[in-house]
Amino acid sequence: MTKKLQAIRGMNDILPSDIKVWQQVESIIKETVASYGYQEIRFPIVEDTSLFKRTIGDATDIVEKEMYTFSDKNGESLTLRPEGTAGCVRAGIEHGLLYNQKQRLWYMGPMFRHERPQKGRYRQFYQFGVENFGMENPATDAELILLGARLWQKLRISEKLELQINSLGSKECRDNYKKILIEYFSQNLDKLDSDSQRRLNTNPLRILDSKNPEMQDLIAKAPDLLEHLDDESKKHFEELTSILDQAKIKYVINPRLVRGLDYYGMTVFEWIDVTKEGAQNAVCAGGRYNSLVSQLGGQETPASGFALGLERLIELSKTNLKPKQQTILYLITTEKTVTNGMLLAEELRDKLQNYCVICDAENTSMKAKFKRADKSGADMALVFGEDEMINNEVTIKYLRDNVDQKTIKLIEITNCLV
């Protein structure tokens with residue numbers, strides 16, 4: 001028996017019935033980031049595996065468990081991108097966009113992680129991200145948060161999201177804090193789950209991000225990173241919160257917020273869906289990663305950014321959005337008027353560029369054609385039969401309004417429809 005072909009588990013089709021909401025959300029995002037001076041960049045879906053191992057970190061779940069990695073015909077190890085920042089930085093270095101320059105870049109597209117599919121979390125998922133380079137001051141971090149707040153306002157979901165912020169500090173204070181964490185968790189080794197025990201000496205900060213309910217009390221009592229920041233890191237974080245306060249952006253300081261990727265330092269933040277309980281409630285997350293460019297072979301370059309999951313954002317936004325409905329004209333031809341009808345459709349598309357013109361040239365009954373016209377969502381059907389062609393006319397039948405049909409000269413049609 002032939003196997004039934006279907007999409008791979010966790011990799012979903014987006015059907016025409018859903019795509020209008022996607023397009024509207026994407027359009028609002030693009031308009032918003034453009035107003036802040038961001039420009040689009042596109043980079044490959046497949047990258048050298050070492051790019052992600054060097055940036056994300058060998059001891060992260062993404063590298064250890066979730067990456068789609070394979071060998072090509074030349075024996076090179078390649079990986080479907082699990083996130084966008086690493087590829088964006090690689091492209092920036094390769095094409096000379098970053099050194100001694102200030103860049104604001106955005107990207108959008110599919111990412112891939114092999115994890116257990118659930119609502120809002122898939123193996124192929126869509127992400128939008130912004131990255132900026134060459135700007136080190138906390139005002140840049142604040143602007144990323146203000147950009148997000150403006151986007152939520154446009155999507156009318158501000159009341160559903162809570163901003164959580166933290167500082168991971170400089171590398172020096174972070175390294176010192178890791179030693180303190182290792183000592184604390186080592187004294188409570190029997191209370192750590194297997195993942196946390198494995199991370200203890202490789203990436204102890206990630207233990208703070210554990211969602212294991214049995215470990216939450218232990219994590220809550222762990223030493224606080226904010227109490228171990230150096231003066232420079234404290235000043236950076238205080239300036240950030242001062243800007244947010246003056247901009248009247250509400251936030252919660254979460255000292256356990258560490259982010260799942262190794263390259264972050266200083267500011268980190270997440271926008272959390274407060275309408276949803278459980279671990280998978282982050283809609284947008286980001287922060288500062290000043291060491292990443294040099295880590296990949298570029299010059300020392302300050303950088304920060306964020307990424308948001310489009311599936312979760314659309315799920316939050318869709319009840320608030322009403323996609324603009326394009327006026328649809330359904331042009332019905334007969335067997336003898338097909339060619340002239342198609343030419344008429346082309347003329348209408350030239351003159352009515354905001355309209356959708358569907359030309360039905362199928363050799364079926366008029367009854368079937370009108371059924372298809374109604375199913376298409378068309379506002380009106382334009383009948384172009386043999387009599388209409390001879391007399392240079394078209395008959396307009398209104399499908400949604402209680403208006404009598406009428407026959408007009410072709411020369412009058414655009415004036416009649418506009």
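No hydrogens, no waters, no symmetry mates; every other heavy atom, side chains included, goes into these values. Each residue takes its place number in the sequence, starting with 1. Please read all numbers here as calculations on a predicted model, not as lab measurements.
Of the candidates R150, R104, E143, Y36 forms a side-chain hydrogen bond (donor to acceptor under 3.5 Å, both in side chains) with just one, namely R150. Applying side-chain contact (heavy atoms from CB on, under 4.5 Å) to L181 and the options L225, I207, L200, L208 leaves one that passes, L208.
In this view, N392 satisfies the side-chain hydrogen bond (donor to acceptor under 3.5 Å, both in side chains) rule with no residue, not counting sequence neighbours. For F112, there are no ring pair (Phe, Tyr, Trp, His ring centres under 6.0 Å) partners at least two apart in sequence or on another chain. Considering only residues two or more places apart in sequence or on other chains, N254 meets the side-chain contact (heavy atoms from CB on, under 4.5 Å) condition with Q164, R256, L257. With sequence neighbours left out, the side-chain hydrogen bond (donor to acceptor under 3.5 Å, both in side chains) criterion links Y68 to no other residue. Annotation: ring pair (Phe, Tyr, Trp, His ring centres under 6.0 Å) contacts of Y177 (sequence neighbours excluded): H228. Partners of Q153 by side-chain hydrogen bond (donor to acceptor under 3.5 Å, both in side chains), not counting sequence neighbours: none found.
For the pair S196 (side chain) and L192 (backbone), a donor-acceptor distance under 3.5 Å is absent. Without hydrogens or angle criteria, S304 side chain to G287 main chain gives no donor-acceptor distance under 3.5 Å. K102 places a side-chain N or O within donor-acceptor distance of the main-chain N or O of G134, the cut-off being under 3.5 Å. Looking at Q353, its side chain does come within 3.5 Å of a backbone N or O of D350 through a donor-acceptor pair. A donor-acceptor pair under 3.5 Å is absent between the side-chain atoms of R174 and the main chain of L229, judged by distance alone.
Sequence neighbours left out, the pairs with a member in residues 388-414 that pass salt bridge (charged side-chain N to carboxylate O under 4.0 Å, His left out) are D374-R400, E393-K409. Listed by first and then second residue, the ring pair (Phe, Tyr, Trp, His ring centres under 6.0 Å) pairs involving residues 294-314 amount to none (not counting sequence neighbours). For residues 36-47, the salt bridge (charged side-chain N to carboxylate O under 4.0 Å, His left out) pairs, not counting sequence neighbours, are E40-R42, E47-R90. Counting only residues at least two apart or on different chains, no salt bridge (charged side-chain N to carboxylate O under 4.0 Å, His left out) pair has a member in residues 228-242. Residue pairs meeting the salt bridge (charged side-chain N to carboxylate O under 4.0 Å, His left out) criterion with at least one partner in residues 283-294, sequence neighbours excluded, are D141-R288.
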task: Go through the steps to decide whether R312 and D273 satisfy the test salt bridge (Lys or Arg N to Asp or Glu O under 4.0 Å), and finish with yes or no.
output: CA-CA 9 Å; R312 290 182 186 172; D273 178 4; over 6 Å; no
Could you list the donor-acceptor pairs under 3.5 angstrom formed by side chains in residues 5-25, with sequence neighbours left out?
none

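Residue E159 qualifies as enclosed at atom CD: its count of foreign heavy atoms under 6.0 Å is above 12.
Between T32 and K154 there is a side-chain heavy-atom pair separated by less than 4.5 Å. Residues Y251 and D245 are in side-chain contact: their nearest non-hydrogen atoms beyond the backbone lie under 4.5 Å apart. In this structure, T241 and I165 have side chains that are in contact, with non-hydrogen atoms separated by less than 4.5 Å. The shortest distance between side-chain heavy atoms of T407 and V394 does not fall below 4.5 Å. Counting heavy atoms from C-beta on, the side chains of L226 and I253 come closer than 4.5 Å. In this structure the side chain of V283 reaches within 4.5 angstrom of the side chain of L316, judged on heavy atoms.
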